[in-house]
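Since we're looking at a predicted model, the values are computed, not measured.
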Amino acid sequence: MMLQVLLVEDDIDLATAVVDYLALEDIQCDHAANGVAGLSLIQSHAYQVIILDLNLPKMDGLKVCNEMRSEGNDTPVIMLTARDTLDDKVTGFGVGADDYLVKPFAMAELIVRLQALAKRRSGQVKKLHVADLELDLQLKQATRDGQPLKLSPIALKLLELLMRQSPAAVSRQALIQHVWGDEQPDSNALKVHIHNLRKQIDKPNQTELLTTVVGFGFALTDAKSCP
């Protein structure tokens, strides 16, 4: 599966070079030129890694990273900075950065770090759990309380993203992007698939796990883990 990353960088020449280089490595890279636009893409899309410049217009990289972490988004972040000081790195790690690259950097090193961070979310995890709901990523089989669920391939994709982000909510747009990409489905497609997914996950006499976040999207939440 092609790696999906986001680059938030206001240096257009550098951004163009990075996007073009990543494309040669079969890595799809979206780009935002300021922090506000970057945060908006982070909130509406499911990326495997985010490359985030420290000094950005409108909202700096530290604030973007802090905001996404406060919203429950655990996508790995590589922070780009022109300053190679310990204080900068401590501050960045403090708001949730996973790695640092100091400008100028070698493109080959960026690739290696992207691939390493992406494995934290996809390559290494074999099974996902929320309460008594389990998704085996290798077998593409979901169970609840040990009982297999009958899920379509699209429902499995939706469930995987919801479980990865749990207990945080996932926006409707992020779910649509994850399943259909740029080929937008019929207006009711997501609603129908979520309805069918809910019927399988939350059967009568079971604790409800799949909840609707009005005006935003959906979340998988274990009620027992909530305060």
Side-chain angles (χ1 to χ4, degrees), residues 2-125 161 164-171 173-175 177-178 216-217:
M2 180 177 288
L3 205 60
Q4 307 276 340
V5 306
L6 171 66
L7 171 65
V8 189
E9 169 62 65
D10 62 324
D11 183 331
I12 300 302
D13 289 338
L14 174 60
T16 301
V18 170
V19 171
D20 289 348
Y21 190 89
L22 294 184
L24 294 175
E25 298 291 328
D26 289 327
I27 298 174
Q28 181 177 323
C29 183
D30 291 345
H31 171 245
N34 64 71
V36 172
L39 183 59
S40 178
L41 284 173
I42 291 167
Q43 291 169 333
S44 60
H45 292 71
Y47 296 107
Q48 287 157 291
V49 186
I50 296 165
I51 310 165
L52 187 59
D53 188 34
L54 185 63
N55 295 311
L56 292 166
K58 297 187 179 181
M59 180 184 291
D60 67 36
L62 293 176
K63 290 181 179 178
V64 172
C65 191
N66 187 60
E67 181 67 23
M68 61 178 280
R69 294 301 185 226
S70 69
E71 294 174 356
N73 189 321
D74 63 352
T75 305
V77 171
I78 299 178
M79 197 78 80
L80 301 181
T81 177
R83 302 193 299 266
D84 186 16
T85 69
L86 180 60
D87 286 345
D88 288 334
K89 292 180 179 179
V90 168
T91 301
F93 290 135
V95 298
D98 299 275
D99 200 356
Y100 252 91
L101 265 182
V102 178
K103 299 176 182 178
F105 53 84
M107 292 292 186
E109 183 177 4
L110 175 61
I111 296 294
V112 170
R113 297 197 185 198
L114 283 174
Q115 292 172 337
L117 285 176
K119 290 178 182 178
R120 296 184 185 182
R121 301 280 311 270
S122 56
Q124 301 291 3
V125 177
L161 182 56
R164 286 186 183 278
Q165 298 295 335
S166 176
V170 183
S171 71
Q173 185 56 44
L175 290 165
Q177 181 71 25
H178 180 69
F216 182 74

Side-chain heavy-atom pair [X], [Y] within 4.5 angstrom cut-off:
X: D98; Y: V49; answer: no
X: L22; Y: I111; answer: yes
X: V18; Y: M107; answer: yes
X: I78; Y: L117; answer: yes
X: V77; Y: M68; answer: yes
X: L62; Y: L54; answer: yes
X: E109; Y: L101; answer: yes

- side chain to side chain contact (heavy atoms under 4.5 Å, CB included) evaluation trace for V64 with V8: CA-CA 10 Å; V64 172; V8 189; 5.7 Å; no

Rounded distance [0.5 Å steps], [atom1] in [X] versus [atom2] in [Y]:
X: Q173; Y: L41; atom1: CD; atom2: CG; result: 10.5 Å
X: L161; Y: S171; atom1: CG; atom2: OG; result: 8.5 Å
X: Y47; Y: Q177; atom1: OH; atom2: CD; result: 7.0 Å
X: Q115; Y: L110; atom1: CD; atom2: CG; result: 9.5 Å
X: D99; Y: L114; atom1: CG; atom2: CG; result: 9.5 Å
X: H45; Y: I50; atom1: NE2; atom2: CD1; result: 11.5 Å

So, for [X] and [Y], which heavy atoms are closest and what is the spacing to 0.1 Å?
X: L7; Y: A15; answer: CD2-CA, 3.6 Å
X: C65; Y: A97; answer: SG-N, 3.6 Å
X: A33; Y: P57; answer: O-CG, 3.7 Å
X: L80; Y: F105; answer: CD2-CE2, 3.9 Å
X: L52; Y: G61; answer: CD2-O, 3.3 Å
X: V170; Y: F216; answer: C-CE2, 3.6 Å

Is there a donor-acceptor contact under 3.5 Å from the side chain of [X] to the main chain of [Y]?
X: D53; Y: L56; answer: no
X: E25; Y: I27; answer: no
X: D30; Y: L6; answer: no

- Query: Is the number of heavy atoms from other residues, nucleotides or ligands under 6.0 Å of K103 NZ greater than 12?
  - Reply: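 More than 12 within 6.0 Å, yes.
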
- Test side chain to side chain contact (heavy atoms under 4.5 Å, CB included) applied to D20 - qualifying residues, sequence neighbours left out: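 With sequence neighbours excluded, D20 shows a side chain to side chain contact (heavy atoms under 4.5 Å, CB included) to T16, given in chain and number order.
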
- Query: Taking atom types as modelled and ignoring hydrogens, do the side chains of Q4 and Q48 form a donor-acceptor contact shorter than 3.5 angstrom?
  - Reply: no

